[in-house]
Amino acid sequence: MKIYNTLTQRKDEFIPIEEGKVKMYVCGPTVYNYIHIGNARPAIIFDTLRRYFEYIGYDVNYVTNFTDVDDKIIKKANEEGVSASEISERYIEEFRKDMDALNVKVATCHPKATEEIEGMIEMIDTLIKKGHAYEKNGTVYFKTRSFDEYGKLSKKNIDDLEAGSRIAVNEEKEDPLDFVLWKPKKEGEPYWPSPWSDGRPGWHIECSVMSRKYLGEQIDIHAGGEDLIFPHHENEIAQSEAANGKEFARYWMHNGFLNIDNKKMSKSEGNFFTVREICEQYPPQVIRFFMLNAHYRSPLNFSRELVEAAKNSLNRILTCVGQLNFLLKNEAWKSEAMSDEERKLYEEVNALQEKFNSSMEDDLNTADAIAAIFEIVKLANTNCKSDSSKEFILAVKDKIVMLCDILGIIAEPEEELLDEEIEKLIEERQLARKNKDFARADEIRNLLLEKGIILEDTREGVRWKRS
Ligand code: AMP
Ligand code: ZN
């Protein structure tokens with residue numbers, strides 16, 4: 001697997017720290033509103049990377065955070081006259097719903113900044129003791145020049161940065177490049193006690209701390225949108241490496257930005273869309289498919305025409321799978337097993353799977369991987385007919401569904417049970433209970449539960465509902 005590494009500025013072969021394992025950390029959202037369509041890009045991209053790693057056999061530990069204390073959250077809380085935690089909890093819930101709609105897998109661990117303050121105080125304390133940080137009137141700053149390699153990720157020269165910055169009036173920092181690790185509370189803000197002041201952490205320290213706590217001092221992949229390269233990730237490196245005395249992340253991955261109609265998304269321009277709004281207009285997986293059709297490092301333009309095109313394109317895959325399922329309902333098979341000719345065609349399908357894999361392994365080239373799926377679809381449309389063998393149709397269909405699944409695209413929705421089918425199963429369960437065949441009765445209850453049907457035994461009989 002080759003990954004473009006922002007740190008080395010080339011595609012590097014992925015070699016995990018621990019064999020068979022991937023430790024990855026993806027910077028998560030600040031939860032003060034519904035997420036916008038740009039925020040969905042890193043979530044979808046890095047979830048796809050995770051799914052691919054899992055498919056090739058890695059055990060992936062995927063950690064992503066919630067920034068649940070921040071100026072924007074506090075501002076929103078004050079506007080609504082509620083607490084900051086009420087705002088963050090509300091939008092964490094909404095975020096989870098959006099992720100679910102986009103078929104983004106739940107992270108292995110999803111820590112919240114406000115629950116990790118103790119660890120942050122501990123790391124800040126270490127940085128002070130090691131001479132990388134200092135306190136002034138309750139504020140703690142990171143001494144940027146104390147970290148020799150500062151600028152190595154963003155390729156910025158520290159002297160150029162210095163020349164471009166000015167110390168503001170009343171500035172208490174020793175150097176304009178120093179950044180905040182801890183700041184004292186202001187009136188009406190949430191705060192925590194610390195050795196330096198009652199206050200709250202700066203933004204960058206949370207990722208250094210959560211990443212170390214849940215993944216260890218050194219991790220394989222650290223990822224996020226390209227706006228995070230500087231200063232957020234540069235500062236994370238400085239904090240983590242200064243505190244731990246070890247290289248922090250080996251591969252730094254950054255997705256390009258999503259623009260709307262070729263313009264930067266902005267609320268004041270009126271070209272700002274939440275995931276929720278867009279998902280009301282299109283099936284959510286069309287959005288996912290749309291994002292995966294571009295290379296993750298390229299800028300991506302979002303427009304209705306392009307999303308419509310993605311929808312039509314995805315429909316070609318779904319229609320093909322639907323047609324194959326229709327053929328599979330055929331009861332009178334001419335032959336069950338593949339013919340020699342079909343076997344040859346299936347070799348082509350396997351070669352296309354290889355093409356899919358090698359595209360994914362070339363720095364997650366999902367656009368080329370999708371092109372390989374379309375070649376299988378084309379082969380299926382030309383060759384799967386009512387006189388094909390059952391084995392061939394099933395194998396081709398399973399391949400398309402499996403490759404789509406790696407991309408987080410559901411090509412074959414689980415069939416819902418019809419009301420009559422449910423009633424029939426309930427009747428069978430009642431009969432089994434009457435005959436004291438409790439094993440069968442339980443089996444039916446569980447089978448229904450798997451399909452989202454909940455049974456309720458009442459005095460009037462069995463009632464059921466869809467969960
Ligand atoms: P934020 O809540 O602003 O910290 O953003 C959460 C994630 O979304 C970060 O990884 C950002 O880099 C990413 N992000 C924000 N805006 C965009 C955008 N327009 N296009 C792509 N990624 C974005
Ligand atoms: Zn971060």
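When a ligand or atom number is given, it counts from 1 through the structure's own listing order. Since this is a predicted model, take the numbers as computed values, not measurements.
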- Please could you name the atoms of ligand 1 that Pro29 approaches to less than 4.0 Å, counting only its heavy atoms? 2 (O)
- Query: Is Lys152 salt-bridged to Glu149, cutoff N-O under 4.0 Å?
  - Reply: yes
- Show which atoms of ligand 1 fall inside a sub-4.0 Å distance from at least one heavy-atom site of Gly224. 10 (O)
- Euclidean distance, Ile117 CD1 relative to Lys112 NZ, rounded to 0.5 Å: 13.0 Å
- Considering only heavy atoms, does Leu258 approach ligand 1 within less than 4.0 Å through its side chain, its backbone, both, or neither? both
- Task: Return yes or no for this condition: an N or O of Asn39 is under 3.5 Å from an N or O of ligand 1.
- Result: yes
- Angular separation of Glu236 OE2 and Cys207 SG about the Zn ion (ligand 2), given to 10°: 100°
- Query: Which one holds for His36 and ligand 1: side chain close, backbone close, both close, or neither close, with close meaning a heavy atom under 4.0 Å?
  - Reply: side chain
- Message: Does any N or O of ligand 1 fall below 3.5 Å from an N or O anywhere on Phe257, backbone included?
- Response: no
- Does the pair Arg212 and Leu215 meet the rule for a side chain to side chain contact (heavy atoms under 4.5 Å, CB included), with working shown? CA-CA 5 Å; Arg212 180 172 77 176; Leu215 295 168; over 6 Å; no
- Message: Less than 4.5 Å apart, side chain to side chain, heavy atoms only: is that true for Lys465 and Ile453?
- Response: no
- Look at the N, O or S atoms of His222, main chain and side chain alike, and state whether any lies under 2.8 Å from the Zn ion (ligand 2). no
- Message: Less than 3.5 Å apart, any donor N or O on the side chain of Thr139 or Trp196 sitting next to an acceptor on the other?
- Response: no
- Query: With a cut-off of 2.8 Å, does any N, O or S atom of His233 fall short of it relative to the Zn ion (ligand 2)?
  - Reply: no
- Task: Compute both the distance and the angle, then confirm whether Arg304 meets the cation-pi test with Phe273: under 6.0 Å from the six-membered ring centre, within 45 degrees of the axis.
- Result: yes
- atom 13 (C) of ligand 1 [closest protein heavy-atom partner, distance rounded to 0.1 Å]: Pro42 CG, 3.7 Å
- Query: Would you say Asp227 has any N or O atom under 3.5 Å from an N or O of ligand 1, going by distance alone?
  - Reply: yes
- Query: When you measure from the centre of the six-membered ring of Tyr58, is the NZ or CZ of Lys21 under 6.0 Å away and within 45° of the axis?
  - Reply: no
- Query: Side chains of Gln285 and Ile410: does their closest heavy-atom pair fall under 4.5 Å?
  - Reply: yes
- Check whether NZ of the Lys or CZ of the Arg Arg276 lies under 6.0 Å from the centre of the six-membered ring of Tyr34 and within 45 degrees of that ring's axis. no
- What class does the angle between the rings of Phe302 and Phe290 fall in, given that below 30° is parallel, 30 to 60° is tilted and above 60° is perpendicular? perpendicular
- Item | atom 21 (C) of ligand 1 [closest protein heavy-atom partner, distance rounded to 0.1 Å] | Gly38 O, 3.3 Å
- Does ligand 1 have a heavy atom under 4.0 Å from the side chain of Ile35, from its backbone, from both, or from neither? neither
- Answer yes or no for His232: is there an N/O/S atom below the 2.8 Å cut-off from the Zn ion (ligand 2)? yes
- Of all the heavy atoms in Gly256, does at least one lie under 4.0 Å from an atom in ligand 1? yes
- Query: To the nearest 0.1 Å, how far is atom 9 (C) of ligand 1 from its closest protein heavy atom, and which atom is that?
  - Reply: Leu228 CD1, 3.8 Å
- Sub-4.0 Å atoms of ligand 1 with respect to non-hydrogen atoms of Asn255: 21 (C), 22 (N)
- Message: I want to know if ligand 1 touches Thr30 in the polar sense, i.e. an N/O pair below 3.5 angstrom.
- Response: yes
- Item | Top protein contact for atom 10 (O) of ligand 1, by heavy-atom distance | Gly225 N, 3.0 Å
- Query: Does a side-chain N-to-carboxylate-O contact under 4.0 Å join Glu375 and Lys378?
  - Reply: no
- Query: Taking the six-membered ring of Tyr4, is NZ or CZ of Arg297 closer than 6.0 Å to its centre and within 45° of its axis?
  - Reply: yes
